Amino acid sequence: QVQLVESGGGLVQAGASLRLSCAASGRIFSSYTMGWFRQAPGKEREFVAAIPWSNGETLYADSVKGRFAISRDNAKNTLYLRMNTLKPEDTAVYYCAARLPWNGISDLMGEYAYWGQGTQVTVSS
């Protein structure tokens, strides 16, 4: 079992940057492939980015590629999402998620077993 708590959301203007954090409980954070998803009002939750437990090649949605960067600090049990050049269409609740240990990278929501409560990001035009 792992518990995830997101932070760092807020209200910003278009073009600004934010860094989201996701603090994870447990002693084997390094074994979890981690992902970020988001859900805008009236829309389905969608994949944003993922980083494997092996800290290897990351995966991004086309809509954020080149603007967002996912990273992890296993010593701090923390996942990050750096978001640059934010756009109004990035407005959503952002969730971090974890796969069961030792599973590879994925962009499929159903393959993530643990979820945080979400943090709101609002980008004004």
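Any value given below was found using the heavy atoms of this structure, including those in side chains, with hydrogens, waters and symmetry copies removed. These figures come from a predicted structure and were not determined experimentally.
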Around Gln39, counting heavy atoms of other residues, nucleotides and ligands shown, do more than 12 lie under 6.0 Å from its CD?
-> yes
Hey, is the main chain of Pro88 close enough, under 3.5 Å, to the side chain of Ser125 for a donor-acceptor pair?
-> no
For Trp115 and Met109, run side chain to side chain contact (heavy atoms under 4.5 Å, CB included): C-alpha distance rounded to whole Å, both residues' side-chain angles, the deciding distance at 0.1 Å, then the answer.
-> CA-CA 10 Å; Trp115 292 83; Met109 190 169 60; 3.4 Å; yes
Ring pair (Phe, Tyr, Trp, His ring centres under 6.0 Å) contacts touching residues 80-108 (sequence neighbours left out) | Trp53-Trp102
Quick one: closest heavy-atom pair of Ile51 and Thr58, and the distance?
-> CG1-CG2, 3.8 Å
Donor-acceptor pair, side chain of Glu46 and main chain of Phe37, under 3.5 angstrom = no
Does Cys96 offer a backbone N or O that forms a donor-acceptor pair with the side chain of Glu6 under 3.5 Å?
-> yes
Which pair of heavy atoms, one from Ala24 and one from Leu4, lies closest together, and at what distance?
-> CB-CD2, 3.7 Å
By side chain to side chain donor-acceptor pair (under 3.5 Å), Asp90 pairs with (sequence neighbours left out) Arg38, Arg67
Side-chain donor-acceptor pair present, Ser106, Glu111, cut-off under 3.5 Å = yes
Qualifying residues under side chain to side chain donor-acceptor pair (under 3.5 Å), relative to Arg82, sequence neighbours excluded | Asn84
Check whether any side-chain heavy atom of Pro101 lies under 4.5 Å from a side-chain heavy atom of Ile28, and answer yes or no.
-> yes
Of all residues at least two apart in sequence or in a different chain, which pass the side-chain contact (heavy atoms from CB on, under 4.5 Å) check with Ser30?
-> Asn74
Side-chain donor-acceptor pair under 3.5 Å between Thr91 and Glu89, yes or no?
-> no
Are the aromatic ring centres of Tyr60 and Phe47 under 6.0 angstrom apart?
-> no
Applying side-chain contact (heavy atoms from CB on, under 4.5 Å), name anything that partners Ala16, two or more places apart in sequence or on another chain.
-> Val12
Is a side-chain donor or acceptor of Ser63 paired with a backbone partner of Ala61 at a separation under 3.5 angstrom?
-> no
Tell me, please, which residues at least two apart from Ser31 pass side chain to side chain donor-acceptor pair (under 3.5 Å).
-> none
